[in-house]
Amino acid sequence: MKVSIHGNELELKMGDITKQTTDAIVNAANGLLMGGGGVDGAIHEAAGAELLEACKQIRQEQLNGEYLAVGEAVISKGYHLSAKYVIHTVGPIWYTDVENKEMLLANCYKNALKIAVDNGLSSISFPSISTGVYRFPVDLAAEIAMKTIVDFLRDHAFGKVVMTLFSEEDYKIYTTKLKRVLQ
Ligand code: ADP
């Protein structure tokens, strides 16, 4: 499904985010930025070992050795990926980040988009942040993601946003929510 919003394009598709050719892809990382399972592991594997080194450097130099906070985002190169950049963000964990989960998930999308704009990028692909091992209900996550992205595109001349869903079920949920947000 593709829609035009204020001269921008928003596309929802099924696919593997590591194969996307947008300027940046977004990684649903954890605060350590050391790779992991799910989409994080797939991105590190496809990007190569340089990505882990870059993430270590970001933690030392930009985060003073601290974890990347939930809802925040940082950018690195994409190394062996088709995408030139990876924007790493940390989604909220449904069962442990008890307060402001909805706002924190919205912040992931907002801050990733902001960092893309700040770096002069005009296309970005997102995975379904927090809905894997972080257990955020897909229905609610999709509503937040679609609302946040549509609000952003209504306010900015950006370019293209791709939502890359990993299952047909997720694709259906995100398309239903997008249609509702656009009504
Ligand atoms: P989180 O820890 O934020 O929940 P996960 O990686 O566990 O992140 O899952 C987030 C979503 O990413 C899930 O819907 C999962 O199916 C999906 N996913 C896993 N691998 C890929 C991939 N290669 N491309 C796109 N989406 C993926």
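All ligand and atom numbering here is 1-based and tracks the order in the structure. These numbers come from a predicted model, not from an experiment.
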With heavy-atom distances below 4.0 Å as the criterion, list the atoms of ligand 1 near [X].
X	result
D16	22 (C), 23 (N), 24 (N)
G15	24 (N), 25 (C)
D170	14 (O)
S128	10 (C), 11 (C)

Tell me the nearest of I17, D40, V39, T89 to atom 6 (O) of ligand 1, using heavy-atom distances.
V39
Which heavy atom of the protein is the closest neighbour of [atom], given with residue, atom name and distance?
atom	result
atom 8 (O) of ligand 1	A28 CB, 4.0 Å
atom 22 (C) of ligand 1	F166 CE1, 3.4 Å
atom 3 (O) of ligand 1	S130 N, 2.8 Å

Are any of the N/O atoms in [X] less than 3.5 Å from those in ligand 1?
X	answer
Y134	yes
G132	yes
V133	yes

If only atom types and distance count, is the side chain of [X] paired as donor or acceptor with the main-chain N or O of [Y] below 3.5 Å?
X	Y	answer
D23	S123	yes
N119	L121	no
S128	L165	no

Please lay out, stage by stage, how S76 and Y85 fare under the test side-chain hydrogen bond (donor to acceptor under 3.5 Å, both in side chains).
CA-CA 6 Å; S76 71; Y85 297 96; over 6 Å; no
Answer yes or no: is there an ion pair linking K110 with D151, defined by an N-O contact shorter than 4.0 Å?
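Answer for the salt bridge query: no.
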Other residues, nucleotides and ligands only: do more than 12 of their heavy atoms fall within 6.0 Å of CD on E102?
yes
Any donor-acceptor pair under 3.5 Å linking the side-chain atoms of S125 with those of T22?
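Result is yes, a qualifying pair exists.
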Would the Y109 and F126 ring centres measure less than 6.0 Å apart?
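Here the rings of F126 and Y109 have centres that are less than 6.0 Å from each other.
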